[in-house]
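Remember, it's 1-based here, ligands and their atoms both numbered in the order they're listed. Computed from a predicted structure; not experimentally measured. One-based numbering along the sequence shown.
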Amino acid sequence: MDELTRIFHRAAEHAAAYRRSLPERPVAEPVDHAALRAAFARPLNRSPADPLTVVDELVAAAGPGLVATAGPRFFGFVVGGALPAATAAEILAAGWDQNAFNAALSPAALAAEEAAAGRLKDLLGIPGTASTGFVTGGQAANTAGLAAARQHLLTEAGWDIGRRGLHGAPRLRVVAGEERHATVDRSLRLLGLGTDCLETVRTDARGAVDTEDLRRVLTSGPGGPLIVCAQAGNVNTGACDDLRAVCDLAHAHGGWVHVDGAFGLWAAASPATRHLVAGVERADSWACDGHKWLNVPYDCGYAFCSRPDVHADALSYTASYLTRADGTVAGGADYTTESSRRARGFATWAALRQLGRDGVAALVERCCSLARRFADGLSAAGFEVVNEVTLNQVLVAFGDGTRTDRIVRAVQEDGTCWMGATTWRGRRLMRISVSGHTTTEADVDRSIAAIVRLARAL
Ligand SMILES: *Cc1c(COP(=O)(O)O)cnc(C)c1O
């Protein structure tokens, strides 16, 4: 084996050994943060080191601080373990060292993005004519979608946002549910709109926007250019807004609808859950993640926009968004906030190819059914499931907030599985998210058994 092959092999072997260890290793272990930092913080060597040694040292240093988020019993946040083909594609993307800025730098990266985008739109119920930016995640996709909204509405109002910025611009209204994801607020801050412009809409018992209250807010507000942020997949309950009603109401007021569907948009990919996002095609921009429910490696998200020209006007730094001098069309960095970029299309293309249409649907259905299994098992054990489990999220109360927090901590320390805690409607709750392709019924049953054992012992 030549030297380069040996180095890449070594990294791949370490990664595969780690993956193989996941089903049985503790999901998280108590971390000695000082030791972990010390392992990385050695003084910088003067002379170069052997790359093979560097790989081994990195593995030794990082090991104690790795969390088995890619494993079958990690149910914290909304985190899925990357699929084998997608992970291998990511390794290739690094090996090829492609810059997905434009088609001149990597025709392959852009062709893969274009093909993957077509499949994504098809699976997610987004019009095939929409533009797609391969971004870092839901946060960046929300920023891109809201930037397009801002661009469109201010252009319509006769304001050149690109040149004049927001100094003296017409005021934009932003209407969003009170249970919107916090990244929406950060996007509004980054875009100079600020959070004071937010008019919040009440949510119903499920955690979805109350469309009657939306109607009230829209008609009672100050008027003017309007953005409505809808949500597919409440990060606590999994609830999806009634997208058809939200879009119709918002459009009747001349508004732009941005859907934050970081994980919930995947409901569209399964016939069993598609009804939850009915009307999704009517929106104007959409944010979705690859690294959550599609099980693509970090980082990967998608910003879709119904108006490719607006999308490119908002984000690209060439005005010639349709056809360039070299004959290429807009793509790559034109639809993202980055310039030089990792070639994210390869991993998404590979994930979709590995799963196929039926495999994506099966992944979504299995996670939802495993979430219901959690809900049924924990209620049967006498604990209170607080949300209506319509997607892959489950909220559980174990008595009062202090007790729930103690049980969540005990579960995290036990290492059988990992779930986080959240506050929803003023209550501290255990939050369970099932998002990975490797989780089985046995993993759920083993996790329920651990939770019940720890809860009863406390
Ligand atoms: C996770 C999430 C985000 C943020 O996505 P990142 O990939 O972490 O940037 C935004 N909105 C919702 C609803 C989410 O669940």
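Annotation: ring-ring contact (aromatic ring centres under 6.0 Å, His included) contacts of His311 (sequence neighbours excluded): Tyr335. In this view, Arg406 satisfies the salt bridge (Lys or Arg N to Asp or Glu O under 4.0 Å) rule with no residue, not counting sequence neighbours. For Pro26, the side-chain contact (heavy atoms from CB on, under 4.5 Å) partners two or more places apart in sequence, or in a different chain, are Glu29.
The aromatic rings of Phe398 and Phe383 are tilted relative to each other, their planes meeting at an angle between 30° and 60°. The aromatic rings of Trp286 and Phe304 lie perpendicular to each other, with more than 60° between the two planes, well past the 30° mark.
Checking Glu178 against Thr200 by side-chain atom types alone, no donor-acceptor pair falls below 3.5 Å.
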Contact table, ligand 1 N/O with protein N/O, distance under 3.5 Å:
residue	atom	partner	partner atom	Å
ligand 1	5 (O)	Gly138	N	3.3
ligand 1	5 (O)	Asp289	OD2	3.3
ligand 1	7 (O)	Gly138	N	2.9
ligand 1	7 (O)	Asp289	OD1	3.0
ligand 1	7 (O)	Asp289	OD2	2.8
ligand 1	7 (O)	His291	NE2	2.7
ligand 1	9 (O)	Gly138	N	3.1
ligand 1	9 (O)	Gln139	N	2.7
ligand 1	11 (N)	Asp260	OD1	3.0
ligand 1	11 (N)	Asp260	OD2	2.7
ligand 1	15 (O)	Lys292	NZ	2.8

